[in-house]
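First comes the structure, then the notes that go with it.
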Amino acid sequence: MSLFLPKLCGKKDIDDVIKGVAEKVLVLRFGRDDDTVCLQLDEILSKTSHDLSNMASIYLVDVDKAPVYTRYFDISYIPSTVFFFNGQHMKVDYGSPDHTKFVGSFKTKQDFIDLIEVIYRGAMRGKLIVKSPIDSRNIPKYDLLYHGI
């Protein structure tokens, strides 16, 4: 758990943040406080939050306290990171089948910083999907799970 990053505890909190964060990339990390990979990601997010404060607002979301958004974004693996800009869900082409979220932890702080810069620049130009600047070797591989098909 990061002591420096704000936590959102329900649908209303998440809705308010999505609607309220303007002209910045909104980063929502879905996960659990006691998961080791989530803790690794939280460390990267907290170390970069000050450097990215002009471009991004970062929040933590517990998957157990926000089941509506967990289902909506199909959070099957944690941590999963979702991006917004001015209330609009930003998609990123990571070279994987799922462009709606980043699954896993970033390998380095620079990978996260580069991704936020690309999302921010793309969003400022009106794009809703951008190409990931992260080296494909640093992107975790996983299979999509479809529940209830």
Side-chain angles (χ1 to χ4, degrees), residues 1-2 5-21 24-49 52 55-124 126-149:
M1 175 181 93
S2 174
L5 296 173
K7 297 178 104 179
L8 303 174
C9 295
K11 182 182 181 313
K12 183 179 179 343
D13 291 343
I14 297 169
D15 288 343
D16 291 344
V17 167
I18 290 172
K19 292 175 191 167
V21 173
K24 284 185 177 184
V25 176
L26 171 62
V27 180
L28 298 178
R29 189 279 285 151
F30 287 84
R32 291 190 179 95
D33 292 339
D34 58 354
D35 183 79
T36 55
V37 182
C38 289
L39 292 173
Q40 290 172 347
L41 177 56
D42 291 353
E43 183 177 344
I44 289 172
L45 297 178
S46 64
K47 285 182 177 179
T48 57
S49 64
L52 294 170
M55 274 190 278
S57 296
I58 303 169
Y59 292 86
L60 306 180
V61 180
D62 189 313
V63 291
D64 299 319
K65 294 181 181 170
V68 171
Y69 278 104
T70 301
R71 281 191 307 274
Y72 181 76
F73 290 116
D74 190 28
I75 308 292
S76 302
Y77 297 110
I78 58 171
S80 290
T81 309
V82 180
F83 305 96
F84 290 87
F85 188 83
N86 289 342
Q88 184 70 42
H89 183 204
M90 294 297 296
K91 295 174 181 64
V92 181
D93 182 359
Y94 303 104
S96 68
D98 188 1
H99 303 309
T100 61
K101 60 189 171 283
F102 184 88
V103 176
S105 181
F106 296 94
K107 298 285 187 214
T108 65
K109 290 188 320 184
Q110 194 59 48
D111 282 346
F112 179 66
I113 291 169
D114 292 346
L115 181 60
I116 293 301
E117 288 176 348
V118 166
I119 293 172
Y120 182 79
R121 278 191 254 116
M124 292 301 278
K127 294 184 179 185
L128 298 177
I129 185 166
V130 295
K131 178 115 175 79
S132 172
I134 302 172
D135 188 328
S136 62
R137 293 172 294 195
N138 289 348
I139 297 175
K141 304 292 184 251
Y142 63 94
D143 292 323
L144 289 177
L145 299 176
Y146 294 100
H147 299 291
I149 291 182

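These numbers come from a predicted model, not from an experiment.
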(request) Would you please name every residue forming a salt bridge (Lys or Arg N to Asp or Glu O under 4.0 Å) with Lys11, sequence neighbours left out? (result)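 By the salt bridge (Lys or Arg N to Asp or Glu O under 4.0 Å) rule, Lys11 matches Asp15.
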
(message) Going by salt bridge (Lys or Arg N to Asp or Glu O under 4.0 Å), name the residues that satisfy it together with Lys47, two or more places apart in sequence or in a different chain.
(response)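 With sequence neighbours excluded, Lys47 shows a salt bridge (Lys or Arg N to Asp or Glu O under 4.0 Å) to Glu43, given in chain and number order.
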
Within-4.5 Å side-chain heavy-atom neighbours: [X] and [Y]:
X      : Y      : result
Ser132 : Val118 : no
Asp74  : Lys101 : yes
Val37  : Ile78  : no
Phe73  : Leu28  : no
Asp114 : Ile134 : no
Val63  : Arg32  : yes

Atom pair [atom1] ([X]) and [atom2] ([Y]), whose distance is rounded to the nearest 0.5 Å:
X      : Y      : atom1 : atom2 : value
Ile116 : Ser49  : CD1   : OG    : 11.5 Å
Ile58  : Lys24  : CD1   : NZ    : 10.0 Å
Thr70  : Asp64  : OG1   : CG    : 7.5 Å
Gln40  : Phe106 : CD    : CZ    : 13.0 Å
Arg29  : Thr81  : CZ    : OG1   : 8.0 Å
Ile119 : Lys127 : CD1   : NZ    : 12.5 Å

(request) Please test Val68 against Arg71 for side-chain contact (heavy atoms from CB on, under 4.5 Å), starting from the C-alpha separation and ending with a verdict. (result) CA-CA 5 Å; Val68 171; Arg71 281 191 307 274; 4.1 Å; yes

How close do [X] and [Y] get, heavy atom to heavy atom, and via which atoms?
X      : Y      : result
Pro79  : Cys38  : CB-SG, 3.7 Å
Ile14  : Tyr69  : CG2-CE1, 3.6 Å
Ala56  : Val27  : CB-CG2, 4.4 Å
Leu45  : Phe112 : CD2-CZ, 3.4 Å
Lys109 : Ile44  : CA-CG2, 4.0 Å

With a 3.5 Å cut-off and sequence neighbours excluded, list the donor-acceptor pairs that the side chains of residues 83-93 form with protein atoms.
unit_1: Asn86; atom_1: OD1; unit_2: Glu23; atom_2: N; d: 2.6
unit_1: Asn86; atom_1: ND2; unit_2: Glu23; atom_2: OE2; d: 3.1
unit_1: His89; atom_1: NE2; unit_2: Thr100; atom_2: O; d: 3.0
unit_1: Asp93; atom_1: OD1; unit_2: Gly95; atom_2: N; d: 2.9

(request) Sort out for me which residue in Asp33, Asp13, Asp62 forms a side chain to side chain donor-acceptor pair (under 3.5 Å) with Lys7. (result)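 In the set Asp33, Asp13, Asp62, the residue that makes a side chain to side chain donor-acceptor pair (under 3.5 Å) with Lys7 is Asp33.
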
